[in-house]
Amino acid sequence: MVVKVDGLVKRYDKLVALDYLDLQVEEGEIFGLLGPNGSGKTTAINCILSLLKYDKGNIEIFGKPMGPNAYHIKKDIGIIMQNVAVFDELTVYENISYFCSLYIKDREEVKRLTQEAIEFVSLEEFKKFYPKKLSGGLLRRLNIACGIVHKPKLIILDEPTVAVDPQSRNKILEGIKKLNEEGATIIYTSHYMEEVEQICSNIAIIDKGRVIAQGTKDDLKAMISIGEKISMEVFRIEEEALEELRRLPNIYSVEHRENLLEIKSKKGKNNLVSVLEFMQRMNINFGKVITEVPTLNDVFLEITGKELRD
Amino acid sequence: MSIQLYITRLKCLVRNKEAMFWCYLFPILLASCFFFAFNNLWKIEYFDTLPIAYVSEGEESESFEQVLEAAETSEGVKMFDIAYCDEVVAKQLLEKGDIEAYIVGSTKPELYVKGSGLNETIIKSYLDTYRQMSVTVTTILKSNPNAIEEGLIDDVMQHDTYIEAVKDDKKPAELLVYFYALLAFSCIFAANWGLDEVVNIQANLSGRGARVSVSSIPKMKLFLCNILAAFTAHFGSLILLFFYMYFIIKVDFGNNLLYLFAVCMVGSFAGLGMGAFIGVWVKKKAEVKEAILTIATLGGAFLSGMMMPDIKYMVATKFPLLSYINPVNLLTDSMYSLYYYDTYERYYTNTLLLGVIAIIFGILAIVGIRRKNYASI
């Protein structure tokens, strides 16, 4: 096990930020920590890194107790913070090289690793640029390069795609997958469920400082009753028809809002077919039809009663 | 590794345009302002023997020549360095600027000058006084031929000198206080860099600090590298300021320049320590820390007489303890004592006190920095 967190409690006066948090991260996985803003993700990361004091609990990394003086553990950890943390007075190359030299003594090795990191985040053309001249996306990539340049075994990324354009976001996510393929264990925190679904092999959903569900995305989706979501463009439907629709087998939620009929069904076969037959039988005109499998937002909604982005 | 970190940090510091302006350029601009504002005052306070030429009109000029030769200030400084020549040569000397003026004749001496200034005014005043005296003596002798025997003429000739020279060749003390205070303030300005160094390695103060704190390099090692880089860059600014003042605007700092550098070095460390101390121990936002630092450094400079020289003496007489704990004052006083005293006792006392302050700030900053994790970030 790469990271093991047991019963972690962190309080800010009366506010409980982490409430007996338990986490286990296995070697080689991309572990997603998903939760809305203020759920305790960053606090958990800061405690794991021994930046924050905590009130209770145990943290082990690489099977050893983590502490502020655990330099033998820290040398194998890379951190990419939510906010870009680079020096404005240093070029892209110098920034990456500087952060590398915090870990590596050999100058030639620092040069080699710096070059590799620049290539990894595709900043070759910008290596002589100062951070202020970079766009938001490029700046995020520089931030990542500074965190992974020393080839850490454990990489922690705390919301690395906040305020990033789609192109850079895809590049970042691809890069994370590549790092994982090269052997690094990743902890990825985000409140973007799509990203977590896209790259994480194991996901912990966190709310109010507690893990409320953990597993693969399929495991998590299997925990909830929704099997399928059907959305139909319907301009006019009577209340009686809606009531009848709710009585169909497997259907447990029907709502009509702003010309959109949203039907949630339990797991089962032919749910869409039975809905379409009903619409035809009742002579209800409809336009576009979309069916979706449940998302992690649905999981979060069903467990907590609120949206992930609330 | 440490050298690499030191060099990179040094690069960061010297590329910071804002810090460079305040640390390198601003003190030079201020020194220039002082120079232009006070340069004329210096000229007024100084008196050097004035080179003039005298164009004689024959034997009757002899007594006037004696009067010119004998003219001196109350301090015994000869007033005129006289070249005797004909008018053509005198004119040439005046044109070339070798002399301030030339005088022709003795009964009604005529003064020729090239421009108007303090020296020309002195010569003219002297000549006017001479003419006035001549007329007075002539009038007295006409009405009382026995005036010489009665000593009346001696009484009339008795008058005060109108030029008073400064006792030695040093520039006035009050004006030097400004330059010492500027040098001292520049030393203490290192506090801003001390604060920056703390911000850059403390996880609770910056993202860079957080990144550094989770790296495998001990924080103290990095802090020392960074402080050394800050000291290098800052001391460079002091040397530049000193050279500008000493060689360009010719501020006379006396003969103990090595001692002056030594106290500047201690002052620079005191400034860095002070900034680091405030950075670590003031539990407020970065803006508040900066404001406190500005108040502390400017306040120290004010109390050391940078804005009003009299304040320095008022503090020294009425609040002596404040003088001993104000680093800017200790710095100015060390420099001042180097200039004015033949012994080093006062210099050593001040420098030692400054060193103690630097060490106390440094130790307290290190104690704070050694904290490994935080209650909140």
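Note that the structure is a prediction, hence the values are computed from the model and not measured. Each chain gets a letter, A, B and so on, in the order its sequence line appears, and its residues count up from 1.
- Listed by sequence position, A:Asn143, A:Cys146, A:Gly147 are the residues of residues 131-150 of chain A in contact with chain B, using a 4.5 angstrom heavy-atom cutoff.
- Closest approach of B:Arg9 to A:Phe87, counting heavy atoms only: NH1-CE2, 3.7 Å.
- The pair B:Arg15-A:Glu94 meets the salt-bridge criterion, since a charged nitrogen lies less than 4.0 angstrom from a carboxylate oxygen.
- Taken to the nearest 0.5 Å, the CD1 atom of A:Ile73 stands 12.0 Å off from the OG atom of B:Ser216.
- Applying the side-chain contact (heavy atoms from CB on, under 4.5 Å) test to B:Phe361 and every residue at least two apart in sequence or in another chain returns B:Met274, B:Phe277, B:Ile357.
- Within 6.0 Å of CD in A:Glu125 there are 12 or fewer heavy atoms belonging to other residues, nucleotides or ligands.
- Pairing each heavy atom of B:Ser215 with each of A:Lys74, the nearest pair is O-CD, 3.4 Å.
- Separation of atoms CD (A:Glu89) and NZ (B:Lys17) is listed at 10.5 Å; rounding is to 0.5 Å.
- B:Gly207 and A:Ala85 make their closest contact through C-CB, 3.3 Å (heavy atoms, listed as atom of the first residue, atom of the second, distance).
- For B:Leu13, no part sits under 4.5 Å from any heavy atom of chain A, backbone or side chain.
- We find the CZ-CZ distance between A:Phe99 and B:Arg208 to be 7.5 Å, quoted to the nearest 0.5 Å.
- Under the 4.5 Å side-chain criterion, counting only non-hydrogen atoms from C-beta, A:Arg107 is in contact with B:Gln4.
- Evaluation of the side-chain hydrogen bond (donor to acceptor under 3.5 Å, both in side chains) rule for A:Glu109 yields A:Arg112 as partners, not counting sequence neighbours.
- Using a 4.5 Å heavy-atom cut-off against chain A, no residue of residues 285-293 of chain B qualifies as contacting.
- Within the model, atoms CD1 of B:Ile3 and OG of A:Ser101 stand 12.5 Å from one another, a figure rounded to the nearest 0.5 Å.
- In plain terms, the two heavy atoms of B:Val214 and A:Tyr103 that are nearest each other are O-OH, 3.8 Å.
- Heavy-atom contacts from other residues, nucleotides or ligands closer than 6.0 Å to CG of B:Leu29 number more than 12.
- Considering every non-hydrogen atom in both B:Ile217 and A:Leu102, the closest pair reads CB-O, 3.6 Å.
- Both the backbone and the side chain of A:Ile80 come within contact range of chain B, each with at least one heavy atom under 4.5 Å from a heavy atom of that chain.
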